[in-house]
J.: 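Below: one structure in structure tokens.
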Amino acid sequence: TFVMKTQLPPPILEKMIRITDKIVDNAENEKSHGEHLAGQIKDELWVEHSILEKEELMGFFLDVCRNYVIQAMCQNDPFNKSVIFAEEWLTQMLSMWIISQKDNEYNPCHVHTECAVSTVMYLKIPEYLTPRKSYRDDDGAISFVGPAGKDQIWGNPTLTLQPKVGDFFIFPASQQHWVYPFRTPDGKGERRSVSFNAVFSSKTEQDEYKKQQEEQQNDQL
């Protein structure tokens, strides 16, 4: 499946760090999202939509999702691009949460449910200890795994990445992925990311749904 990588513009990155600093610093009084998540991580904290609206961030995130949907549709159906680009695609954010990952915490292999699109953006990356095995660079990495067969030339079932501050990934909610644990020199490092889930539909689909609803109501009169 299609995993898209982009960058948070500096003003967006700065706002997200400021917003999440406030939430993480007050973690014990903030709403936790962890009970709904797979992560073996203590602090996974909710970000209210009202904060994103107030900071004028919601439009940016919905627009990135919209662009992802268009590009993913084009990759899936490359001979129908003109129709895809002509359509009006509508996106809606569901939940957003902070993953304040500390030494030895990790996210096991999982998918996101009850949504269509998932994302992860990186706000803080600590200095990791040197891996115990020099030929591995997995500590703190994120891996995406798909159904492709292992092929030395054309296919690889996994994509493992070492994210940097500002990296922003968008991918299908059904895409399996996991995050490796890490170690830092003082044992107090924080690898902070933010994720959100979204759904989408086309204007054509919504118009058709409204038409069907109206016809059902008329039939009941």
J.: Mind checking whether Phe182 and Leu129 have side chains closer than 4.5 Å, heavy atoms only?
T.: no
J.: Measure the shortest side-chain to side-chain distance between Ile23 and Asp25 over non-hydrogen atoms and say whether it is less than 4.5 angstrom.
T.: no
J.: Donor-acceptor pair, distance only, cut-off 3.5 Å: does the side chain of Asp167 make one with the backbone of Lys164?
T.: yes
J.: Nearest 0.5 Å, what's the CD-SG distance between Gln92 and Cys65?
T.: 11.0 Å
J.: Decide yes or no for Lys15 and Leu57: does some side-chain heavy atom of the first lie under 4.5 Å from some side-chain heavy atom of the second?
T.: yes
J.: Rounded to the nearest 0.5 Å, how far apart are CD of Gln40 and NZ of Lys42?
T.: 14.0 Å
J.: Can any side-chain N or O of Asn107 pair as donor or acceptor with the backbone N or O of Val179 at less than 3.5 Å?
T.: no
J.: Listing request: all salt bridge (charged side-chain N to carboxylate O under 4.0 Å, His left out) pairs with a residue in residues 109-124, at least two apart in sequence or in separate chains.
T.: Asp21-Lys124
J.: Apart from Tyr180 itself, what residues make up its hydrophobic cluster when side-chain heavy atoms of I, L, V, M, F, W and Y under 4.5 Å apart count as a link, directly or indirectly?
T.: Val145, Trp178
J.: Please report the C-alpha distance between Ile41 and Ser100 in whole Å, then the side-chain angles of each, then the deciding distance to 0.1 Å, and finally whether the side-chain contact (heavy atoms from CB on, under 4.5 Å) criterion is met.
T.: CA-CA 8 Å; Ile41 294 171; Ser100 180; 5.8 Å; no
J.: Once rounded to the nearest 0.5 Å, what's the spacing between atom CE of Met93 and atom CG of Leu62?
T.: 5.5 Å
J.: Under the 3.5 angstrom rule, does the side chain of Ser193 hit a backbone N or O of Tyr122 as a donor-acceptor pair?
T.: no
J.: What's the separation between atom CE in Met16 and atom CE in Met121, rounded to the nearest 0.5 Å?
T.: 5.0 Å
J.: Just wondering, are more than 12 heavy atoms of other shown residues or ligands nearer than 6.0 Å to CD in Gln213?
T.: yes
J.: I'd like to know if the side chain of Ser195 and the backbone of Thr119 have a donor-acceptor N/O pair within less than 3.5 Å.
T.: yes
J.: Measuring only between side-chain heavy atoms, which start at C-beta, is Met73 closer than 4.5 Å to Val69?
T.: yes
J.: According to salt bridge (charged side-chain N to carboxylate O under 4.0 Å, His left out), who are the partners of Arg18, at least two apart in sequence or on a separate chain?
T.: Glu55
J.: In chain order, what residues pass the salt bridge (charged side-chain N to carboxylate O under 4.0 Å, His left out) check against Asp43, with sequence neighbours excluded?
T.: Lys102
J.: In Å, rounded to the nearest 0.5 Å, how long is the span from CG of Asp137 to CD of Gln162?
T.: 4.5 Å
J.: Verify the cluster assignment for Val194 and Trp46: are they in a single hydrophobic cluster under the rule of side-chain heavy atoms below 4.5 Å apart?
T.: no
J.: Is Val64 close to Met4 at the side-chain level, that is, under 4.5 Å between some pair of heavy atoms?
T.: yes
J.: Does anything in residues 78-100 pair up under salt bridge (charged side-chain N to carboxylate O under 4.0 Å, His left out), and if so which pairs, sequence neighbours excluded?
T.: none
J.: Which salt bridge (charged side-chain N to carboxylate O under 4.0 Å, His left out) pairs, counting each pair once, include a residue from residues 126-136, with sequence neighbours left out?
T.: Arg136-Asp138
J.: Answer whether the closest heavy-atom distance between the side chains of Leu13 and Leu123 falls below 4.5 Å.
T.: yes
J.: Check salt bridge (charged side-chain N to carboxylate O under 4.0 Å, His left out) between Lys203 and all other residues, then give those that pass, not counting sequence neighbours.
T.: Asp207
J.: Once salt bridge (charged side-chain N to carboxylate O under 4.0 Å, His left out) is applied, do any residues pair with Asp63, and if so which ones, sequence neighbours excluded?
T.: Arg66
J.: So which pairs with a foot in residues 185-213 pass ring-ring contact (aromatic ring centres under 6.0 Å, His included), sequence neighbours left out?
T.: Phe61-Phe196
J.: Using the ring-ring contact (aromatic ring centres under 6.0 Å, His included) rule, collect all pairs that involve residues 90-110, keeping only residues at least two apart or in two chains.
T.: His33-Trp97, Trp97-His112, His110-His112, His110-His177
J.: Without swapping roles, check the side chain of Glu214 against the backbone of Lys211 for a donor-acceptor pair under 3.5 Å.
T.: no
J.: Got a sec, which residues hit ring pair (Phe, Tyr, Trp, His ring centres under 6.0 Å) with Phe169, two or more places apart in sequence or on another chain?
T.: none
J.: Listing request: all ring-ring contact (aromatic ring centres under 6.0 Å, His included) pairs with a residue in residues 64-86, at least two apart in sequence or in separate chains.
T.: Phe2-Tyr68
J.: Mind checking whether Gln206 and Leu90 have side chains closer than 4.5 Å, heavy atoms only?
T.: yes
J.: Between CG of Asp103 and CD of Glu190, what distance do you get to the nearest 0.5 Å?
T.: 11.0 Å
